[in-house]
Number of protein chains: 2
Amino acid sequence: MPPTQNLPGRELAVTVVLFSLREEALQVLLAPGSGASWLLPGQGLRAGEALEEAANRVLTGLIDRREAYLEQLYTYGGTGRPAVSVAYFVLVPAEAQPAPGGTARWFPVAALPGLAGDGAEILTYALRRLRYKLEYSAVGFQLLPGEFSLPELQHTYEIILDERLDKRNFRRRMLQSGIIEPTGHRRLGEGRPARLYRYRPDAVAEVKARRLFP
Amino acid sequence: MPPTQNLPGRELAVTVVLFSLREEALQVLLAPGSGASWLLPGQGLRAGEALEEAANRVLTGLIDRREAYLEQLYTYGGTGRPAVSVAYFVLVPAEAQPAPGGTARWFPVAALPGLAGDGAEILTYALRRLRYKLEYSAVGFQLLPGEFSLPELQHTYEIILDERLDKRNFRRRMLQSGIIEPTGHRRLGEGRPARLYRYRPDAVAEVKARRLFP
DNA sequence: GAAATAGTGTCTGTTAGACAATATTTC
DNA sequence: GAAATATTGTCTAACAGACACTATTTC
């Protein structure tokens with residue numbers, strides 16, 4: 001029974017775990033709760049509304065962005081208010097801006113405030129899922145703008161996995177996978193400019209797990 | 001809005017996709033629906049009942065077995081009756097017997113009857129998940145009795161994956177993984193008796209997916 | 001001893017992972 | 001030309017996958 005915003009008496013709610021990269025850190029958007037605690041943003045499900053619709057509605061109230069990577073995470077509860085809450089996992093690029101006038105705030109996952117209800121449990125699970133999916137699917141691109149350099153991409157992976165990666169091996173596999181293509185543009189900066197790439201959603205986005213028992 | 005048994009007016013239900021191996025085939029337990037159609041078994045959620053409790057309750061009404069491998073699959077709906085249904089994925093060994101007096105029947109996944117509502121969609125997803133998990137986790141053992149031979153284990157994999165596997169490679173990896181241990185018993189039959197093994201739940205049950213972008 | 005099934009070992013190609021030097025830009 | 005950053009290639013160990021014969025039991 002995860003905490004919900006504004007609609008305390010509902011049977012069914014959706015909860016959203018919204019991740020983004022800001023200031024060199026993986027951050028989560030949280031809504032103010034009672035007292036000093038914070039909540040995962042959520043809303044009761046409206047009559048006739050599909051689950052994913054409701055999740056998108058919550059999202060629209062939080063952020064200025066219409067498209068986002070959204071995936072059902074897990075359904076919690078059966079006791080408490082709301083009785084059941086369907087948690088969604090959402091990724092937005094750093095470009096996305098919080099909705100004007102909103103009270104939600106970003107928190108680095110490394111420095112979370114106290115979370116009401118089972119918010120901490122949900123968040124931990126979402127984070128685990130993010131790290132796991134990063135390694136065998138292409139979700140990482142959802143956290144980046146449309147054009148990015150390979151060092152930026154690698155940096156994204158390093159932040160989320162909290163682990164240093166070898167530059168040569170990273171580039172080799174990323175390029176060999178065919179999942180990105182050069183845009184022809186370059187990112188100018190202090191040193192040698194970096195080539196920019198874009199994600200190719202048509203490329204195979206998921207990798208076969210290594211078979212334990214083939 | 002998956003079909004539910006007996007409790008048409010509920011907001012929230014759990015649906016169970018129950019797999020077992022019988023007669024050399026992967027089979028699913030279905031409940032009779034209206035007319036000639038069949039349903040995935042399910043029940044409305046009771047007040048104060050946790051989701052997994054409800055899934056276990058449904059299970060108890062279907063089969064004589066108290067323990068089963070049970071995992072939340074996906075939550076469907078938002079429209080229709082029931083408004084939302086939480087689907088569970090369940091594996092039981094072939095030993096398990098249907099509850100006496102029950103009306104549910106086993107169907108091979110290769111020859112399913114017409115399914116009401118979005119039963120077919122849920123079942124297809126459950127099957128995909130089973131095959132997928134089989135390759136990187138140890139769920140396969142949940143379909144076998146406590147003691148089994150390596151040929152039996154391989155046969156289980158072949159049935160579910162619908163694919164022939166190399167005996168030598170299969171045995172090598174299965175044994176090297178340390179996930180099974182010999183019981184000292186043997187399975188007698190027509191030819192040379194097979195050594196029996198048991199699953200070691202304490203062994204690492206999941207394998208790192210191959211990193212796409214390490 | 002024939003039939004049936006269980007059990008075993010090797011070779012090869014691919015890939016993950018470790019590792020250091022060169023290239024291009026700005027100031 | 002110094003500083004900063006981007007870009008590139010090789011070697012090795014581990015593992016997946018292909019492949020054929022021997023061992024043990026029953027009848």
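So you know, we letter chains A, B, ... as the sequences are listed, proteins then strands, and number each from 1.
Between the CZ atom of R186(A) and the P atom of dA4(D) there is a distance of 20 Å, rounded to whole Å. Rounded to an integer number of Å, the gap from F170(A) CZ to dA18(C) C1' is 17 Å. When rounded to the nearest whole Å, the span between CZ of R173(A) and P of dG9(D) equals 17 Å. Taking atom CD of residue Q154(B) and atom P of nucleotide dG17(D), one finds them 14 Å apart after rounding to whole Å. At whole-Å resolution of the value, CE in M174(B) and P in dA16(D) are 12 Å apart. Note: CD (E190(B)) to P (dA3(C)) measures 12 Å, nearest angstrom.
Looking only at distances, a side-chain donor or acceptor of R131(B) sits under 3.5 Å from a matching main-chain atom of I160(B).
When the side-chain nitrogen and oxygen atoms of R187(A) are compared with OP1 and OP2 of dT25(C), none of them lie within a distance under 4.0 Å.
Looking at residues two or more places apart in sequence or on another chain, you find no salt bridge (Lys or Arg N to Asp or Glu O under 4.0 Å) involving E121(B).
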Would you give a per-nucleotide map of nucleotides 6-14 of chain C, 5' to 3', where B means the base has a protein non-hydrogen atom under 4.0 Å away, S means only the sugar-phosphate does, and - means neither? BBBBB----

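With a 6.0 Å cutoff to the six-membered ring centre and a 45° limit on the axis angle, R105(B) counts as a cation-pi contact of F107(B).
Proximity of the aromatic rings of Y69(B) and F141(B) is defined here by a centroid distance below 6.0 angstrom, and this criterion is not met.
Residue pairs meeting the salt bridge (charged side-chain N to carboxylate O under 4.0 Å, His left out) criterion with at least one partner in residues 174-189 of chain B, sequence neighbours excluded, are E152(B)-R187(B), E181(B)-R198(B), E181(B)-R200(B).
Residues L30(B) and P113(B) are in side-chain contact: their nearest non-hydrogen atoms beyond the backbone lie under 4.5 Å apart.
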